[in-house]
Amino acid sequence: MTATKGLEGIVATTSSISSIIDGVLTYRGIDIDDLAEHASFEEVAYLLWYGKLPNQSELDELLGQLSAYAAVPAGVLEQLKLYPKNTNSMAALRTAVSSLALFDESANDMSQEANIKKAIKIQAQIPTLVAAFSRIRQGQEPVAPKSGVSIAYNFLYMLTGQEPDQVAVKALDQALVLHADHELNASTFAARVTVATLSDIYSGVTSAIGALKGPLHGGANEAVMVMLEEIGSFENVESYINAKLANKEKIMGFGHRVYKGGDPRAKHLQKMSRELGKLTGNMELYEMSVKIEELVTGQKGLKPNVDFYSASVYTTLEIPRDLFTPIFAISRASGWTAHILEQYENNRLIRPRAEYTGPVDQKVTPITQR
Ligand SMILES: CC(=O)SCCNC(=O)CCNC(=O)[C@H](O)C(C)(C)COP(=O)(O)OP(=O)(O)OC[C@H]1O[C@@H](n2cnc3c(N)ncnc32)[C@H](O)[C@@H]1OP(=O)(O)O
Ligand SMILES: O=C([O-])CC(=O)C(=O)O
């Protein structure tokens, strides 16, 4: 038995949700470029769950369900108030989503009907949790979700208590579309492994949030912003990046296990970053990002991934840096839950093997002789 480090290139399941073939990403066979231009996040969530784009009445029904479920149980809000104010926002989300299960009587109902309902509920409630935690830690009361608005609108509204700007809503909606699913990425794999034991959907999503938190995965978008802040201004970019590369340090937001020719989502986020920079009259983060790309691609051949330009996009939207990864979770909840439902439909325990590299032929020596 020989291990493949990081399971690179191992095909671990079949899936009909999203595909990455020759560098092209599709959700249910539709190119991400098409979806990014022509579909809302709610249409994409429907597509991931049900396998087809909704017609108007199906979309209206989903929007109604998302609105109806968006408020989180009072008990969970009370718990959020007890978290230390400096709690990591992904740790807070992981704990809060786990808590949602305690307040859902159907948490352990494994029927397909109950599971799809819980998928929609989790999708509706994660934005509310993220916004509520953000306000509570600043000593503010959470803002109750609005009915009849999109997830992008509601999230920005619950974060600030103000009606959000249409440009910001559109940009966030497009970012949510771009992050919704990505084949067998680490957090989706974690979700599938968890539910393949026939554990419940909340356990699957809680595992996924834990996996997304790390800086080699979703946590990279926050790490990109930390880097941009450390660099400080355009004239420092070159010396900072050259020093990092000379020290063989990783540049966050670059490289990808699956894409070697470039992440097809990055160009949309780059465009958004440029347009938002122009609109707000502050192009510095965009220009710094482009310069970083020039240097890293030029010297290492590494291309930006989905996390790189999302950092400047979210900062231009005035979203706090440590909410970038929770926003990724808001979007990816749709993909995670679609994969969980798919796993339940055709389940088998996921249990690979390990190549043993420890000592052999050992014996227990009496404790006095150790
Ligand atoms: C939504 C997402 O999860 S997208 C990914 C987000 N993560 C990041 O942006 C973090 C930075 N990137 C990375 O760490 C990696 O490129 C990953 C984790 C995305 C992919 O990892 P892997 O496929 O395991 O590649 P691995 O880490 O083995 O890198 C291969 C080589 O490229 C180098 N490399 C990879 N990414 C980078 C980077 N961002 N900066 C500098 N060098 C890099 C590695 O140092 C390694 O070099 P070596 O062979 O000389 O040791
Ligand atoms: O697929 C991956 O390894 C990481 C990624 O880009 C994602 O989850 O969107």
Side-chain angles (χ1 to χ4, degrees), residues 3-13 15 17-21 23-27 32 35-36 44 48 90 175-192 205 207-228 240-270 289 292-314 324-339:
T4 302
K5 200 167 180 200
L7 300 182
E8 180 166 7
I10 303 290
V11 179
T13 187
S15 175
I17 302 173
S18 60
S19 67
I20 303 168
I21 300 169
V24 176
L25 170 63
T26 72
Y27 299 164
I32 189 68
L35 290 164
V44 163
L48 296 174
M90 282 297 279
L176 296 180
V177 168
L178 291 167
H179 286 80
D181 195 42
H182 208 246
E183 202 224 45
L184 207 56
N185 62 86
S187 54
T188 299
F189 188 50
R192 290 189 78 128
V205 174
S207 295
I209 294 171
L212 188 72
K213 177 174 177 283
L216 296 188
H217 189 15
N221 57 11
E222 182 181 348
V224 170
M225 200 55 225
V226 170
M227 172 175 75
L228 287 166
Y240 180 98
I241 294 295
N242 286 344
K244 285 249 174 207
L245 292 178
N247 280 337
K248 302 219 170 304
E249 286 177 54
K250 281 191 167 176
I251 311 295
M252 290 292 131
F254 284 86
H256 200 280
R257 173 63 67 78
V258 179
Y259 300 116
K260 299 303 169 201
D263 182 331
R265 301 164 294 180
K267 61 180 179 295
H268 294 283
L269 288 151
Q270 176 173 10
S289 304
I292 295 171
E293 179 180 345
E294 257 173 52
L295 291 163
V296 178
T297 307
Q299 294 181 40
K300 298 279 293 184
L302 292 164
K303 306 263 171 59
N305 57 48
V306 70
D307 286 320
F308 185 62
Y309 284 99
S310 62
S312 47
V313 166
Y314 298 149
F324 295 0
T325 316
I327 289 175
F328 197 151
I330 290 174
S331 166
R332 188 56 59 86
S334 59
W336 291 331
T337 50
H339 278 266

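Remember, it's 1-based here, ligands and their atoms both numbered in the order they're listed.
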Students should be able to answer this: which protein heavy-atom is nearest to [atom], and at what distance?
atom                    : answer
atom 19 (C) of ligand 1 : Gly255 O, 3.8 Å
atom 39 (N) of ligand 1 : Ile251 O, 2.7 Å
atom 3 (O) of ligand 1  : His217 ND1, 2.7 Å
atom 8 (C) of ligand 1  : Ala220 CB, 3.5 Å

Nearest protein heavy atom under 4.0 Å from [atom], yes or no:
atom                    : answer
atom 29 (O) of ligand 1 : no
atom 33 (C) of ligand 1 : no
atom 42 (N) of ligand 1 : yes
atom 46 (C) of ligand 1 : no
atom 24 (O) of ligand 1 : yes
atom 16 (O) of ligand 1 : yes

Considering [options] one by one, which has a heavy atom nearer to [atom] than any of the others?
atom                    : options                        : result
atom 2 (C) of ligand 1  : Val296, Val224, Leu212, Asp307 : Asp307
atom 35 (C) of ligand 1 : His182, Lys250, Lys5, Lys244   : Lys250
atom 7 (N) of ligand 1  : Asp263, Leu216, Thr325, Leu302 : Leu216

For ligand 1, which atoms have a heavy atom of [X] less than 4.0 angstrom away?
X      : value
Lys300 : 42 (N)
Val306 : 1 (C)
Gly253 : 8 (C), 9 (O)

Is any N or O atom of [X], backbone or side chain, closer than 3.5 Å to an N or O atom of ligand 1?
X      : result
Arg257 : yes
Lys260 : no
Asn305 : yes
Phe254 : yes
Met252 : no

Is there a side-chain contact between [X] and [Y] in this structure, where contact means two heavy atoms from C-beta onward sitting under 4.5 Å apart?
X      : Y      : value
Leu35  : Leu178 : no
His256 : Val306 : no
Asp307 : Met252 : no
Phe308 : Ile292 : yes
Phe254 : Glu293 : yes
Thr188 : Arg332 : yes
Glu222 : Met90  : no
Gln270 : Pro304 : no

Tyr314 and His179 aromatic ring geometry - parallel, tilted or perpendicular at 30°/60° bounds
tilted
Strictly distance-based, threshold 3.5 Å: is any side-chain N or O of [X] a donor or acceptor partner for the main-chain N or O of [Y]?
X      : Y      : value
Ser18  : Glu183 : yes
Thr297 : Leu302 : yes
Asp263 : Arg265 : yes
Asn221 : Phe324 : yes
Lys213 : Gly210 : no

By side-chain hydrogen bond (donor to acceptor under 3.5 Å, both in side chains), His339 pairs with (sequence neighbours left out) Asp181, Arg192
Nearest 0.5 angstrom please: Ile251 CD1 to Leu295 CG, how far?
9.0 Å
Examine ligand 1 and decide if any of its atoms is less than 4.0 Å from a heavy atom belonging to [X].
X      : value
Gly6   : no
Pro215 : yes
Phe328 : yes

Counting only non-hydrogen atoms and a 4.0 Å cut-off, the residues near ligand 2 are His182, Asn185, His217, His256, Arg265, Phe328, Arg332
Centroid separation His182 to Tyr259 less than 6.0 Å:
yes
Do other residues, nucleotides or ligands put more than 12 heavy atoms under 6.0 Å from Ile10 CD1?
yes
